[in-house]
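Each chain gets a letter, A, B and so on, in the order its sequence line appears, and its residues count up from 1. In this text the structure is predicted, and so the values were computed from the model without any measurement.
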Amino acid sequence: MTIITLSHGTAIILFCIGLYTIISKRNLFKTVIGLSLMESSVLLLIVAAGFVQGGRPPILPIEGIAVNPLPHAFTLTAIVIGASDLALALAFVIKLHQRYKTVDLDKIRGLRG
Amino acid sequence: MSALFYSFVCFFLILTALVASEIKDILSAVISLSVFSVLLAIAFVALQAPDVALTQAVISSGLITSLFLVAYSQTQKEGRRENDEE
Amino acid sequence: MSKSCFLRIVTFLLCLALGWQFWKGILALEPTQIIIGPAAHYIESAAEETGATNIVAAILFDYRALDTLGEASVIYTSVCGIAMLFAKSKFKISSTGLSFIVKRGVSFIIPFLLLYAAGIVLMGHISPGGGFQGGAVFATATILFCIVYGSGFEAVMIKPKTKELIESSGALMFVLIGFVGLWTGAGFLANIAAGYPKGEVGRFLSGGSIPLLNIAVGMKVSAGLSTIFYSMIKLLEFEVTKHPGVKNK
């Protein structure tokens, strides 16, 4: 019971930190870092939602109860997809730097084209 | 895994996330994000999810950190000669 | 106080309010103590129906295999996008890598790294692991190779065309394994009902089509992630002389 509540609370706090980083930081790398934080918080929430107190990993043979294996499958997919779109976001940051010679968002908006 | 150990892991998760978000130097932020990924893998082990912990440790703190560092070093090249196929 | 400081405080308070609403919503969920629904069916009958011991691998590659095909497509699209963004840049000079001691030391380690990656991929239906994890470890080995020996040397050893070939054939293998199910009338990506041998539960040769799908996904993920890294690093220039193995394009 306590582990699940701790996980939910941590996931919500991490989500809010990530959202704050995306909105209010000027450096483009901070935006990508904030995106990564938000994705990780959701993964923690999903895996903690399938936790059963006193459960064992879902690998046979199981002694006792097993935790819910469905969130693990979703989380594996989500980790790999998150890594792909982080790579694409970093490629965009490199291209933006090549075009505008800076990674500062205020200067990029001011220099418009 | 007791609740005390898990609360330590959660506290350090929040701490490294705050450091990654607020610090001015980008390299320090990237290293802090890598530490965050490893701590998240430990949290997944505490939640009895070995598949997810293995994936998180390999992908997030191996590949994503190296991609960040490559992107960071690509954006530090102002003033040097650029490629002429641009 | 200045305008930007005021806006930051407003943003911070709005994020706190959002977090408070999330907390109220999550408190309304009750934690589950017994597992009901499809997850209970998967835990009970994964061994008889699929022959795999790793229930998560059985879900990913047998019960919900279409989602894994979608995820492989997402990786493919991302690799295509990144390769397209950096398509016109060719590297002219690449570094010669790190010092001699590091090169000799890493050359002892790399065969064990590749063996470890192959082990994770092939034993995905028995122990934690599978195609995604093994493919990522293989891509990490390629990245290590690129850092220690220089990106020019790595491009000569494993050409980009070879990586494209491996990735595309991994995707095609996945779809062809699914078509066998359509051909025998059991449905796309069916496992035991399509005629794949089930074997004994817990042995290496078991699980029907799950090891084959693991290999296909491992090929695709490793080649894709390695192509991503190579596309992004090939712009870096160093002042040292050309690597002797690289033709100056």
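Chain B forms the most heavy-atom pairs under 4.5 Å with one residue out of A:I59, A:V103, A:N27, and that residue is A:N27. Contacts with chain B were tallied for A:V93, A:T75, A:V67, A:L37; A:L37 has the most, counting heavy-atom pairs under 4.5 Å. Your options are B:V9, B:V52, B:L47, and the one with the most heavy-atom pairs under 4.5 Å with chain A is B:L47.
Contact record, A:T21 with B:S21: OG1-OG, 3.0 Å, taken as the closest heavy-atom pair. The heavy-atom pair separating B:A71 from A:L90 by the smallest distance is CB-CD2, 3.9 Å.
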Can you list the steps and then say if B:Q48 with A:R56 is a side chain to side chain contact (heavy atoms under 4.5 Å, CB included)? CA-CA 6 Å; B:Q48 315 285 338; A:R56 304 297 298 156; 3.9 Å; yes
Start with the C-alpha gap between B:L13 and A:I13, add the side-chain angles, then the distance that decides, and say whether side chain to side chain contact (heavy atoms under 4.5 Å, CB included) holds. CA-CA 10 Å; B:L13 271 177; A:I13 296 180; over 6 Å; no
I'd like to know whether B:E22 forms a side chain to side chain contact (heavy atoms under 4.5 Å, CB included) with A:Y20, so could you lay out the CA-CA distance, the side-chain angles of the two residues, the decisive distance to 0.1 Å, and finally the verdict. CA-CA 10 Å; B:E22 291 291 331; A:Y20 176 73; 3.6 Å; yes
Pair A:I94-B:Q74, side chain to side chain contact (heavy atoms under 4.5 Å, CB included): steps then yes or no: CA-CA 7 Å; A:I94 297 181; B:Q74 294 275 19; 3.9 Å; yes
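A distance of 11.5 Å separates SG in B:C10 from NE2 in A:H8, rounded to the nearest 0.5 Å. If you take CD1 on A:I79 and CD1 on B:I59, they are separated by 6.5 Å, rounding to the nearest 0.5 Å. Going from atom CG of B:L27 over to atom CZ of A:F29 covers 9.5 Å, rounded to the nearest 0.5 Å. Rounded to the nearest 0.5 angstrom, A:K30 NZ and B:I23 CD1 are separated by 7.5 Å. Going from atom OG1 of A:T2 over to atom CG of B:L4 covers 11.5 Å, rounded to the nearest 0.5 Å. The structure places OG of B:S60 at 8.0 Å from CG of A:L86, a figure rounded to the nearest 0.5 Å.
In this structure, chain B has heavy atoms under 4.5 Å from both the backbone and the side chain of A:L43. For chain A, the nearby parts of B:L67 are the backbone and the side chain; heavy atoms of each come within less than 4.5 Å. With a 4.5 Å cut-off on non-hydrogen atoms, B:I26 touches chain A through its side chain but not through its backbone. For B:L63, no part sits under 4.5 Å from any heavy atom of chain A, backbone or side chain. Using a 4.5 Å cut-off between heavy atoms, B:F68 contacts chain A through both its backbone and its side chain.
Using a 4.5 Å cut-off on side-chain heavy atoms (C-beta onward), B:F36 and A:L14 make contact. Using a 4.5 Å cut-off on side-chain heavy atoms (C-beta onward), A:L44 and B:F44 make contact. In this structure the side chain of A:S36 reaches within 4.5 angstrom of the side chain of B:L33, judged on heavy atoms. Here the side chains of A:T102 and B:T75 are not in contact, with every heavy-atom distance at 4.5 Å or above.
Looking at A:S7 and B:Y6, their side chains do bring a donor and an acceptor atom within 3.5 Å of each other.
Around atom OH of B:Y72, more than 12 heavy atoms belonging to other residues, nucleotides or ligands sit under 6.0 Å away.
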